[in-house]
Structure formats: C-alpha cells, structure tokens
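Here the structure is laid out as structure tokens; the discussion comes afterwards.
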There are 2 protein chains.
Amino acid sequence: MRLSTKGRYAVTAMLDLALNGKKGPVTLAEISENQGISLSYLEQLFAALRSKDLVRGVRGPGGGYYLGKSADEISIANIICAVDEWVEFTRCGGRQNCSGGARCLTHTLWDDLSSEIFNFLADISLGDLVRRNLGKKDEEESNLSVVANSSSQAA
Amino acid sequence: MRLSTKGRYAVTAMLDLALNGKKGPVTLAEISENQGISLSYLEQLFAALRSKDLVRGVRGPGGGYYLGKSADEISIANIICAVDEWVEFTRCGGRQNCSGGARCLTHTLWDDLSSEIFNFLADISLGDLVRRNLGKKDEEESNLSVVANSSSQAA
DNA sequence: TAAATACCGACTGATTTACTAGGTAATAGA
DNA sequence: TCTATTACCTAGTAAATCAGTCGGTATTTA
C-alpha cells in the first residue's frame, strides 16, 4: 500500500465528483478550478481511474465525468490503487528462502501491517465520506459554535 | 499522512531492531545485511529516527543502536512521521477563505480521512507487531499445515 | 594504537511528481 | 454542416524524491 500526494489528488478529485455529480456530468475544468489541480494532471489521473471503471467520461458539449459506479461501491483503496501502482516490497514473495528467516520474519510483519492498512482503506467508501460530511454540516448548522474541531489535527 | 517506500524501509529496520535488540545493540551493518538495505541509506534513516528519539546510538566496537524507548511506546505513525516529512496538503489550512467552499469542503473531508489513517497507525506499536508475530509463530509450530495464510494478500 | 562503530556531508542516476504544450476524436447545438 | 466543447492521447520537462556511493570525522573498546 502506498499513500502519496498523487493518491490524495485522486481522492480529492473523486470526492469533488461525488459531491457535484448529482445532477449531471462534471468537467475536469470544473474540478481543476475547484481543487486547484492542473487540468492535464487531472487528465492523467482520470485516465487511470477510467481504466479501473471508477469514472465514466462523456464527450462533447455538456459532457464530463460521472462516477463509474455508486459512491458506496468505490472505496478509498480502489482510488489509491488505481493511480498509485505499488510494487511488491518483499523480494522474497511467497518463497521462504530469503536470507535465512530474519528478513522474511520482518517482511511478514510488514505484509500483515500493510494488509491491515489496505483493509482499513477498503472499508471506507466515497459514500461514507460524503455522508459523514453532510452529517457534520447539519451539526454545524444547528450549532454554529462548533467549528472544524477535527480538521486541524495532525496528519 | 504519507506512506512511501522510505517509510517502509524505516518500519522494517525498526522491526529488525525490536526483534534483534533484546540482548545488546544492533549495528546498521547487521540490519543492512538482514534487510537488504544499503548501509548509507540506513544511516540517513537512522539520523531522522535518532532526532525523534526513536533510536539511540552507541559508538565504538560492540556499539550499535538501541530502541530509544520501549517497543510499546513507539507507534508505526511515529516511525513514518520521523522519516517522511509531509507537507500540509490543504493550502487553506485553518483559514476558511479558500475558493468559496467547494474546495474547502473536499479538503475537510480529506483532512478527516487523513486523521483517521494517522490515528489508525498511531494505535499500532512496534511491540504489537512483534507480539502478533510471536503468537503466529507458536500457532504455526503447533499446526504446521497452516502456512502464511495472510501474507500473500493485496497491499 | 588499531579496529569498529556511529555520525556527517556532498554528490548522483533513476524515478516520480505535477505540470505545459499540442494535438485528435466525439458530440451537442446553432 | 459548422463550431464550440469536451474527453482523450502523446511527448516533453523542471523539480523533488529515492536509494545509493564515496569519503570522510568522532568516539569507544581492546
């Protein structure tokens, strides 16, 4: 699992699409404007997202992008994996012959942790994020004194 | 939060240290040998880890590195943050004036998710990983037909 | 004193990031 | 049918990062 700024751009763009795509396709120009990401970079990201069927493009005037499936069917892990190809870290793979145990032991530990991170992100969908925010928005509207209490935290 | 190969190297090296450092300091040469990481690269990583008090170096023959605190006090997030300086993604920071809502809304969603990932990794300590593996090892010894059932998974 | 180790800084090829430039293909609307 | 709008595609690029080499200095043990 790999989590880089590229993955962040992709998740951010997909969030924008999920939020604004309710009543028609969203153009990359809009996302570029909204999120401050260059148009051509978005094109590259969306080429990868499209190849994994996470988005669907419509050409011509009035065109743009739809989500490829419902927001609930798209996990954060899906998005990150689409744009961030990650190579296998452990050279030993399934083979058990890697430098006599010490290395493989550590690799197994890393693999387990890596799987956990992956499963954690696979359990969060775009839909979850959107709903979570709508809930918070209602909360803020009904109680204006509570302002962004979690967005300033580390990470 | 950022999770790159650099972070993986650091976590792997720290795991090696936690596993082999029971009865004395571990040299970078040993870790280099065990994990297949170049010595000089390890030196760079350990300079960062040392500056965060995650490891403690001892010079001279018989020297090497100890963990800077107990394995239970060192989280995976600590390690990754030490070597992977990550810049703030959202240019708006705490300010609310960023391009009229649409961007900031998405940024807030990302920040929340990012915090969740961070907290997830902050809740896993080196000690947890080591104990988890020792448990599995016992299990394998008592039931040899069960072989590496989770290490081949995605991520 | 010699060897082993941490510690330090400069440099480097390869890769990735984020972007620019310059197109072609498809389609809606005039 | 023409034109504007959009997706879609390829090539190139400056800057940063990755992972490493090289050549040291400082400290400590034997």
Side-chain angles (χ1 to χ4, degrees), chain A residues 2-13 17 20-21 24-33 35-68 80-87 89 91, chain B residues 2-13 17 20-21 24-33 35-68 80-91:
Chain A
R2 187 159 162 226
L3 187 49
S4 67
T5 50
K6 194 176 181 183
R8 286 191 256 191
Y9 278 117
V11 171
T12 302
L17 191 48
N20 298 321
V26 181
T27 67
L28 291 188
E30 290 175 84
I31 298 178
S32 171
E33 169 91 6
Q35 303 303 328
I37 309 171
S38 91
L39 182 58
S40 282
Y41 196 41
L42 279 175
E43 285 178 344
Q44 287 178 37
L45 296 177
F46 274 70
L49 295 170
R50 188 159 30 82
S51 77
K52 296 283 165 54
D53 290 323
L54 297 180
V55 296
R56 183 167 51 88
V58 176
R59 295 186 180 192
Y65 278 97
Y66 290 100
L67 290 182
I80 291 173
C81 290
V83 299
D84 257 332
E85 321 284 341
W86 75 86
V87 268
F89 182 57
R91 291 98 174 184
Chain B
R2 185 160 164 224
L3 186 49
S4 67
T5 50
K6 195 175 179 182
R8 286 192 255 190
Y9 278 118
V11 171
T12 302
L17 192 48
N20 299 320
V26 181
T27 67
L28 292 188
E30 290 174 84
I31 298 178
S32 171
E33 169 91 8
Q35 303 303 326
I37 308 170
S38 92
L39 181 58
S40 283
Y41 196 41
L42 280 175
E43 284 178 347
Q44 289 178 38
L45 296 177
F46 274 70
L49 295 169
R50 187 159 31 83
S51 77
K52 296 283 165 54
D53 290 323
L54 298 179
V55 297
R56 184 166 51 85
V58 177
R59 295 184 179 194
Y65 279 96
Y66 290 100
L67 289 181
I80 291 173
C81 291
V83 300
D84 259 330
E85 322 284 341
W86 75 83
V87 268
E88 198 53 46
F89 182 55
T90 60
R91 290 99 174 184

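All chains are named by letter (A, B, ...) in the order of the sequence lines, taking the proteins before the strands, and each is independently numbered beginning at 1.
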Within this structure, what is the [atom1]-[atom2] distance for the pair [X] and [Y], rounded to the nearest 0.5 Å?
{"X": "L67(A)", "Y": "L17(A)", "atom1": "CG", "atom2": "CG", "value": "4.5 Å"}
{"X": "L3(A)", "Y": "D84(A)", "atom1": "CG", "atom2": "CG", "value": "7.5 Å"}
{"X": "R2(A)", "Y": "I80(A)", "atom1": "CZ", "atom2": "CD1", "value": "11.0 Å"}
{"X": "Q44(B)", "Y": "L39(B)", "atom1": "CD", "atom2": "CG", "value": "10.5 Å"}

Whole angstroms only, please: what is the [atom1]-[atom2] distance between [X] and [N]?
{"X": "I37(A)", "N": "dT20(C)", "atom1": "CD1", "atom2": "P", "value": "13 Å"}
{"X": "Y66(B)", "N": "dT5(C)", "atom1": "OH", "atom2": "P", "value": "13 Å"}
{"X": "Y65(B)", "N": "dC7(C)", "atom1": "OH", "atom2": "C1'", "value": "7 Å"}
{"X": "E30(A)", "N": "dT5(D)", "atom1": "CD", "atom2": "P", "value": "14 Å"}
{"X": "L39(B)", "N": "dC7(C)", "atom1": "CG", "atom2": "C1'", "value": "11 Å"}
{"X": "K6(A)", "N": "dC18(D)", "atom1": "NZ", "atom2": "P", "value": "15 Å"}

* So F46(A) and Y65(A), would you call those rings parallel, tilted or perpendicular, with 30° and 60° as cut-offs? ->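 It falls in the tilted class, 30° to 60°.
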* For E43(A) and L28(A), which heavy atoms make the closest approach, and how far apart are they? ->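 Smallest interatomic distance, heavy atoms only, reads CG-CD1, 3.7 Å.
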* Using the test side chain to side chain donor-acceptor pair (under 3.5 Å), find all partners of E30(B) that sit at least two apart in sequence or belong to another chain. =>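 For E30(B) the side chain to side chain donor-acceptor pair (under 3.5 Å) partners, ignoring immediate neighbours, are T27(B).
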* **Closest-nucleotide ordering on DNA chain C, the 5'-leading residue of R59(A) and S38(A)** =>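 Looking at the nearest nucleotide for each, S38(A) comes out on the 5' side.
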* Kindly state which residues belonging to residues 40-50 of chain B come within less than 4.0 angstrom of DNA chain C, counting heavy atoms of the residue only, listed by number. =>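 Those residues whose heavy atoms fall under 4.0 Å from DNA chain C, taken from residues 40-50 of chain B in numerical order, are E43(B), R50(B).
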* Counting heavy atoms from C-beta on, name the nucleotide in dT17(C), dC18(D), dA18(C) closest to the side chain of D84(B). =>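 Side chain of D84(B) sits closest to dC18(D).
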* To do: Side chain of P61(B) only, please: which of dC7(C), dT17(C), dT28(D) is the nearest?
  =>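 When the side chain of P61(B) is considered, dT28(D) is the closest of dC7(C), dT17(C), dT28(D).
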[X] side chain N/O closer than 4.0 Å to the phosphate oxygens (OP1, OP2) of [N]?
{"X": "S4(A)", "N": "dT16(C)", "value": "no"}
{"X": "R2(A)", "N": "dT17(C)", "value": "yes"}
{"X": "T5(A)", "N": "dA18(C)", "value": "yes"}

* Could you tell me whether L28(A) contacts a base, only the sugar-phosphate backbone, or nothing, with contacts defined as non-hydrogen atoms closer than 4.0 Å? =>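 Contact class for L28(A): sugar-phosphate only.
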